[in-house]
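In this chain, residues are counted from 1 in sequence order.
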Amino acid sequence: MSMMHASQVTSANATIVPPTAHLMRWVIVATLPGIATMSYFFGLGVLSNVMLAAAFGLGLEAAILKLRNRPVRITLNDSSALLTGVLLGVSLPPASPWWLIGVGMIAAIIVAKQLYGGLGHNPFNPAMVGYALLLVSFPTYMTLWAPPQQLLPTGLWAQITGTLPAGQLDSLSGATPLDAFKHKGEAVLASEFWATHPLPESTLSAWRWVALAWLAGGVLLLAKRIISWHIPAAMLGSLVVLATLFYLSDPSHFASPLFHLLTGATLFGAFFIATDPVSAATSRRGKLLYGAGIGTLVIIIRTFGGYPDAVAFAVLLMNLCVPLLDLYSVPRPTGQPKSSRGEQP
């Protein structure tokens, strides 16, 4: 249940909500399969991202709480800042420079969270605010996704410290499957594109395994009832339906629904980003509409927009719609007469 909009939920829709720290820590545990799989394929730069982002998150949260004269230890114990760091860390290219991670966490913790009043008041997903800011502001660094490499890649420390010469950055980058397909060119048919083997099979296989690892973490969250099925199911369902319609209408130019599911941040976003308990919709109907909107926007932006993935932008756009979704989708208590449209029962 969203802490931000809990006051709008009637008793007919109320459920017992576990403590915040319990929820956040289980989500962190559920990220471990994804983090481990990403580290196996893309190196220890994934872990450096997570550790730096988590450290920045805790430090920035403590500093801003001090400035606001709020209790530091109690707030940090809810693990929300730690989780934000983990989610942003795994979203960035492995071995991102420390200053890039710091800028992203400043946007996530200070701007997107604390300036709105802290946990429970932020209308936007903090990790995705940080990611979107970095993607728009530092596109070169945000596209340095290297192909699968050894656990301890060459130049790891130079990348993390930001001392790697600019001329060597391009040698470290490789196209992701979504990026490669996005920029294949309108004149190139999909069959022709794949026939040229634009990506090594190891790259495609790595991204598939990473997607399945995020799915495993999502199943754990569902099994522990940390999240409900409504948002992931609605997001993935709408994404598959729309991708299938596009693919069937013109398979020579549009990617298959399976390609959309098993590449990029689709499964990660469905289980770990869209289900944020603060910025997501609260009622069951609202969650279904919210998730469906995210899935639809992901396909639209991937197909017609300028960015190859789009999960972050889709989530942030639907965050804007949450107050409206909650207003119109919160059910009436049993026996409550219908109120006029838009009014609270």
Is any side-chain heavy atom of [X] less than 4.5 Å from a side-chain heavy atom of [Y]?
{"X": "L242", "Y": "I300", "value": "yes"}
{"X": "L52", "Y": "I160", "value": "yes"}
{"X": "P93", "Y": "M142", "value": "yes"}
{"X": "N319", "Y": "P123", "value": "no"}
{"X": "P257", "Y": "L239", "value": "no"}
{"X": "V72", "Y": "L76", "value": "yes"}
{"X": "L258", "Y": "L262", "value": "yes"}
{"X": "M24", "Y": "P277", "value": "yes"}

Is there a side chain to side chain contact (heavy atoms under 4.5 Å, CB included) between D78 and T75? Walk through the geometry before answering. CA-CA 6 Å; D78 67 20; T75 304; 4.2 Å; yes
Donor-acceptor under 3.5 Å ([X] side chain, [Y] main chain):
{"X": "R302", "Y": "D309", "value": "yes"}
{"X": "N49", "Y": "S96", "value": "yes"}
{"X": "T266", "Y": "H260", "value": "yes"}
{"X": "S48", "Y": "G45", "value": "yes"}
{"X": "S205", "Y": "E201", "value": "no"}

Is the distance between the ring centroids of [X] and [Y] under 6.0 Å?
{"X": "F271", "Y": "W229", "value": "no"}
{"X": "F56", "Y": "W99", "value": "no"}
{"X": "F304", "Y": "F246", "value": "yes"}

Got a second to check how far [X]'s [atom1] is from [Y]'s [atom2], nearest 0.5 Å?
{"X": "I231", "Y": "D276", "atom1": "CD1", "atom2": "CG", "value": "9.0 Å"}
{"X": "L212", "Y": "L267", "atom1": "CG", "atom2": "CG", "value": "7.5 Å"}
{"X": "T163", "Y": "W98", "atom1": "OG1", "atom2": "CH2", "value": "11.5 Å"}
{"X": "S238", "Y": "I299", "atom1": "OG", "atom2": "CD1", "value": "8.0 Å"}
{"X": "L144", "Y": "L100", "atom1": "CG", "atom2": "CG", "value": "9.0 Å"}
{"X": "L222", "Y": "S228", "atom1": "CG", "atom2": "OG", "value": "8.0 Å"}

Within one Ile-Leu-Val-Met-Phe-Trp-Tyr cluster: [X] and [Y], side-chain cutoff 4.5 Å:
{"X": "M51", "Y": "L92", "value": "yes"}
{"X": "I294", "Y": "V241", "value": "no"}
{"X": "W157", "Y": "L151", "value": "no"}
{"X": "L152", "Y": "V50", "value": "yes"}
{"X": "V129", "Y": "V136", "value": "yes"}

Quick check on L67: does its CG atom have over 12 non-hydrogen neighbours (other residues, nucleotides or ligands) under 6.0 Å away? yes
Determine the sole option in F268, F42, F41, F259 for which the ring pair (Phe, Tyr, Trp, His ring centres under 6.0 Å) test with W207 is passed. F42
Where is the tightest heavy-atom contact between [X] and [Y], given as atom of each residue plus distance?
{"X": "V278", "Y": "H121", "value": "CG1-N, 4.3 Å"}
{"X": "A265", "Y": "V311", "value": "O-CG2, 3.7 Å"}
{"X": "M105", "Y": "G57", "value": "CE-CA, 3.5 Å"}
{"X": "V210", "Y": "M38", "value": "CG1-CG, 3.7 Å"}
{"X": "V46", "Y": "I35", "value": "CG1-O, 4.2 Å"}
{"X": "Y247", "Y": "F254", "value": "CD1-O, 3.2 Å"}

Report the C-alpha separation of V298 and F313 in whole Å, then their side-chain angles, then the decisive distance to 0.1 Å, and conclude whether the side chain to side chain contact (heavy atoms under 4.5 Å, CB included) test is met. CA-CA 8 Å; V298 166; F313 294 111; over 6 Å; no
Under the salt bridge (charged side-chain N to carboxylate O under 4.0 Å, His left out) definition, can you give me all pairs with a residue in residues 54-72, not counting sequence neighbours? E61-K113
Give every residue pair that meets the side chain to side chain donor-acceptor pair (under 3.5 Å) criterion with at least one member in residues 23-41, sequence neighbours excluded. R25-S79
Evaluate side chain to side chain contact (heavy atoms under 4.5 Å, CB included) for T143 paired with D179, printing each intermediate quantity in order. CA-CA 9 Å; T143 56; D179 187 55; 6.0 Å; no
Evaluation steps, side chain to side chain contact (heavy atoms under 4.5 Å, CB included), between L320 and F124: CA-CA 8 Å; L320 285 170; F124 300 102; 3.5 Å; yes
